[in-house]
Protein chains: 4
Amino acid sequence: MAAVEILKFPISSPADTTPLDRLKEAGYEASQILAVVGKTEGNGCVNDFSRTLASAVWEPRIPQDAVTIFSGGTEGVLSPHVTFFVRAHQGVATGLITAIGRTRVLAPHEVGTSAHSLQVAHTVSQMMQQASVTPAQVHLVLVKCPLLTSAKIEAIRAESRTPVTTDTYESMAKSRYASAVGIALALEELSHDMLEEASASQNIWSAKASCSSGAELEDCHVLVLATDPAGAGQQQGHLHAVSRYMADAIDASAVRDLLAQVESANGKVVQVFAKAQADPRGHVRSWRHTMNTDSDIHSTRHARAAVGGLIAGLVSDCEIYVSGGAEGQGPSGGGSLCMVYKT
Amino acid sequence: MAAVEILKFPISSPADTTPLDRLKEAGYEASQILAVVGKTEGNGCVNDFSRTLASAVWEPRIPQDAVTIFSGGTEGVLSPHVTFFVRAHQGVATGLITAIGRTRVLAPHEVGTSAHSLQVAHTVSQMMQQASVTPAQVHLVLVKCPLLTSAKIEAIRAESRTPVTTDTYESMAKSRYASAVGIALALEELSHDMLEEASASQNIWSAKASCSSGAELEDCHVLVLATDPAGAGQQQGHLHAVSRYMADAIDASAVRDLLAQVESANGKVVQVFAKAQADPRGHVRSWRHTMNTDSDIHSTRHARAAVGGLIAGLVSDCEIYVSGGAEGQGPSGGGSLCMVYKT
Amino acid sequence: MAAVEILKFPISSPADTTPLDRLKEAGYEASQILAVVGKTEGNGCVNDFSRTLASAVWEPRIPQDAVTIFSGGTEGVLSPHVTFFVRAHQGVATGLITAIGRTRVLAPHEVGTSAHSLQVAHTVSQMMQQASVTPAQVHLVLVKCPLLTSAKIEAIRAESRTPVTTDTYESMAKSRYASAVGIALALEELSHDMLEEASASQNIWSAKASCSSGAELEDCHVLVLATDPAGAGQQQGHLHAVSRYMADAIDASAVRDLLAQVESANGKVVQVFAKAQADPRGHVRSWRHTMNTDSDIHSTRHARAAVGGLIAGLVSDCEIYVSGGAEGQGPSGGGSLCMVYKT
Amino acid sequence: MAAVEILKFPISSPADTTPLDRLKEAGYEASQILAVVGKTEGNGCVNDFSRTLASAVWEPRIPQDAVTIFSGGTEGVLSPHVTFFVRAHQGVATGLITAIGRTRVLAPHEVGTSAHSLQVAHTVSQMMQQASVTPAQVHLVLVKCPLLTSAKIEAIRAESRTPVTTDTYESMAKSRYASAVGIALALEELSHDMLEEASASQNIWSAKASCSSGAELEDCHVLVLATDPAGAGQQQGHLHAVSRYMADAIDASAVRDLLAQVESANGKVVQVFAKAQADPRGHVRSWRHTMNTDSDIHSTRHARAAVGGLIAGLVSDCEIYVSGGAEGQGPSGGGSLCMVYKT
């Protein structure tokens, strides 16, 4: 774990690495980068090559163990950008710390299963232990996890195993859910003896989980954001984070609640991390929605656009991280929400 | 003009006319319907047959001169529904009045031009005059106008005339703009000697205009909503309306402003009518958006999803009328906004 | 069963019923219509209201027991049209006969299951028996079957039953497969004791099956096209049909084979009925295709466009019936193919 | 110019450069690569990052002056692949020669104009002159040209200039057309004094032109494929090329005509280069098509799928280069067609 600074910059395309120049202007070196968490302008689904492109241009430019999480989909008012998690200068405490890590490579047949959850739980727990942070001090766990491509599904079958699904798009959801269950385990929101039931039920969740799946990786990349256990409260210029869940896609009061906390601390929002999802039951509260029956636009795209519109309006910022597919990351139809702010 | 009641009901598909039963339960006959204004679940673009379907099932069931405006596109959290404008019972004043009308049929080569604007202006002016309402008393003018299909474009060329555009999708925007200019003329927001300039510049707007275009009509259908000039102020159970513009797609303060007016009058929101648009300059405030460069989803779909998410969250209602394509209906990138409420 | 004439006409939109006028010009009354089989220009998927619209405008204009099968999706060069199956004039033999029928209403939980297959098999068998045709004399069985909407899935769950799938789009495939299995049973291509295995394996098929699913019906509508058992061979002006399977989406030789049969009989193609499908294994022969990993366009749309392009080019006709989703209607990745021709 | 070998290999994603290994197995070094012409699996439209990704991974691996043309869009049965144009081993004649070149950088306001055409014409002419080939010896000219992004359109306006269009998608068409006009000039199919008229009319074409536009470049990349003027006829193992136009999207006879020429020479098809387009008049021959009114799928995607299906079926190969947007590259609604074969 390291004291962390969080900065964000716009990108003109998924291949744009000029934020490195701006980072430098802000006094940080690329070697200090712990993670690049970006929103890129693809469809955020199976054939989203904007994520792959961003990974391809960023990875040679940052430390080898840095985590890259590119979430595709800047629907509606969402604006393409990258958020840097940067190791603070030697001896500087910022109020927040960040740890990064990776699980072992998951075999294709493990993706989306309880084996996948266990690997995530194991990695997150280890990271927390090393940093001496308690579950309550953790505000956000970002995970990027693999999906099943057609090739992987064939490979699983060739081994006479059964893939968790044969639909590549659906595998993204299964993988996100398995990662979220792993986070809930590590944060002691779920006990290990409930794991199999949680895997089967698909209805366990953690409001601190934010998971994305992509075709470009085989292991899970993990980032933990937590309050510095050695921290000294609300010092001038310090970073803080608050998190909670949105109950549904129009839960303005959840956003207002966190904004009120920021305001009462005289803080300024640095970044928002939200997960969004089309309610699988086909309704937002009592109102029928059509996100799940639109065969032209995937429901994740609809959900990002709507939730992005709401949060961007309330926060007055379009460079926010709103990621689709909130399985296990908030109640069904809602999603996790984390605000990082500076006092 | 007639004193008007405004009621809204969900629909289970574009072909669902069961709201008629619910209207009856509320004490009104189909013969009292002045207008059916609906959101249907198609793509809201050229090949949106959900609107045509709704027209086909509704028109035989309502008075022949009633106006039907079906706006396609319930992206994100928007929920398919119909809003009835119903003639109030004999002798009952409701606080608001509604007039309906139609322009003459527009020749294909007139669609989207100043000739189109003049027809709309003429019809709206006549309706206002007959009802003795001033521009200030008008809160909303809804217009449904034709678009150019491939067949119409061919027909124009066969006459050796030049269509306003040869792109069927773009013709929807041109038609909406021409209708909005007509509304601005009638509301004296634009003088007649500025008409040609306004047509050419594409940058005149009225915050009380709400225009949709569809393949299923040849004339313009017009609805004017105004304060009853004979009205007696804020009586119990009376309807009121307030309107203004949203400056951009994340203008939460515009929505909050109208909500504050409703609240200060101890009112309850009955319906919201909003127009939404992807800023043609490619930015929302300083943030780059990608709605205009997404070749998979038309920008109107993005804009409805985002603005719908914002307003639905603030108003806590998904059955709101958020319609795409705000050319001339608010500043560029923003849109018109009208709230009807009951005290 | 009745001697049948087959005529086809273009439509200018899904709401266009002017083909009735052209039918009249050709000497037939609407009362003689046995079936209207059309291609409409929607997406052919869950939210395709072009089919619903066509049903809404056609059904009041044709006999109540006539079958309407509107297959959405005219991707690529495919041209919107309707094919009429018309009862021939009294005493006239045409070489082909057609029977139409319906299964009982399927409960939502039956859709896509072996219970569904049994109902289709029962209806087809009865129709064949009544017309005294053998399986070899049958060339084509068209079935339109229900899909699972979000509402139906909820209804199934409310009964504590398990839907065959919870994905509305996937339910279309399951329903088509169940219908095809029913056809294979009736044509004695599958024995009843293999039914459960066939349902589970999803790999049984009939080259004479052509099934479409839609949200607008609860039962299955069935049309059987067969050689007139009382027929007198290749008389001048008689109709004939030949059918076989396409092994994959680029099986030009299958099309050429049927065309050669037509040509050797000095015939002229009247209509082609084909099913198309993206190979679920992700390859066409040895070549990787991307239809199953394209999150912007459903694979059925890709498949119709490609197979439609091939057949339209070979037959020199764009008004052909190419329908997506060939589950059980030809080998995996291929589809059924039937040519009706006149000598 | 150089004697050229042409080889093609499948790719598993736009980032897959393993064809380099297979090229090596075939006896060629990366340093011999003159051009990589690929089909990648994006949408082929404005926000197709699969092309950018392919450029990003290929360019560091091939000679700096090599041409890369990645055409997005593998709709239907089309299979992602790359075709290498490789400099033949020293002293080896192959029957065909290839020259590569680039125009100067085009200013944004030049894109799609006659100034753009002139630059292409100039570059192609120079390349032909240096190689001493006549227009009749040229079989194919591939050009990759820039498009107008939102940023470029803003830049043009900032200079008080008028962009050729303000629609980013339409700018792709304008750019392709301007490139094709340049090719027609160089091949003496168009005289220089007709240039302005050709630019305005948008109806000049060359059957040897194949142009793609992309966001990732500022100049035009050009490849000329021609018969070796020093060649010695149909030697064993030699390469040949034939080209002609397809009159429309279902012109099977054009494909059969070239195939017959290949067959009569006892040749084997190495690669097919075709351009496809939705007829802008809305019809394929007499049949209405819906490619131009589909607001969910761009017409170029439809056209590639349909024409790809036809050619792949006739040639029995899915790794063919079918590129969308045939403005100026064949008659309206048709496209250019070139077959390279080996004897």
Side-chain angles (χ1 to χ4, degrees), chain A residues 42-52 72-73 75 147-158 163 165-174 202 213-215 278-284 286-302 304 324-325 332-333, chain C residues 42-52 72-73 75 147-158 163 165-174 202 213-215 278-284 286-302 304 324-325 332-333:
Chain A
N43 62 24
C45 301
V46 177
N47 63 328
D48 182 350
F49 298 106
S50 74
R51 291 184 310 229
T52 327
E75 291 81 7
L147 56 81
L148 292 183
T149 56
S150 296
K152 283 188 181 172
I153 291 170
E154 283 298 292
I156 295 170
R157 283 171 167 161
T165 174
T166 58
D167 179 322
T168 54
Y169 178 72
E170 193 185 359
S171 77
M172 301 177 78
K174 297 284 188 187
Q202 302 273 320
S213 40
D279 195 302
R281 290 158 299 190
H283 288 79
V284 175
S286 64
W287 298 286
R288 177 170 76 98
H289 70 75
T290 61
M291 299 187 260
N292 296 334
T293 50
D294 187 338
S295 301
D296 299 311
I297 303 181
H298 263 301
S299 63
T300 44
R301 303 202 73 179
H302 278 289
R304 273 190 299 267
S332 190
Chain C
N43 62 24
C45 301
V46 176
N47 63 329
D48 182 351
F49 298 107
S50 74
R51 289 183 312 225
T52 327
E75 291 82 6
L147 56 80
L148 293 182
T149 57
S150 296
K152 283 187 181 173
I153 291 169
E154 282 299 291
I156 295 170
R157 284 170 166 162
T165 174
T166 58
D167 178 320
T168 55
Y169 179 72
E170 193 186 0
S171 78
M172 300 177 79
K174 296 284 189 189
Q202 302 271 321
S213 41
D279 195 302
R281 291 159 298 192
H283 288 80
V284 175
S286 64
W287 297 286
R288 178 171 75 99
H289 70 76
T290 60
M291 299 187 261
N292 296 335
T293 49
D294 187 339
S295 301
D296 299 311
I297 303 181
H298 263 301
S299 63
T300 44
R301 303 202 74 180
H302 278 289
R304 274 190 299 269
S332 190

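First the proteins, then the strands, lettered A, B, ... as listed; each starts at 1.
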Handout entry: Reported CG-to-CG distance for the pair A:Asp48 and C:Asp296, which is rounded to 0.5 angstrom
Key = 9.0 Å
Problem - Interface moiety of C:Arg288 toward chain A, non-hydrogen atoms closer than 4.5 Å - result: neither
Practice task
Mind ranking A:Asp167, A:Thr168, A:Thr293 by heavy-atom pairs under 4.5 Å with chain C and telling me who comes out on top?
Solution key: A:Thr293
Problem - side-chain contact (heavy atoms from CB on, under 4.5 Å) partners of C:Ser171, counting only residues at least two apart - result: C:Leu147, C:Leu148, C:Thr165
Fill in the blank from the handout: Across all chains, not counting sequence neighbours, the side chain to side chain donor-acceptor pair (under 3.5 Å) partners of A:Asp279 are A:Arg281
Handout entry: A:Asn47 (side chain) donor-acceptor with C:Asp294 (main chain) under 3.5 angstrom
Key = no
Completion exercise
So, the part of A:Arg157 with a heavy atom under 4.5 Å from chain C: the answer is neither
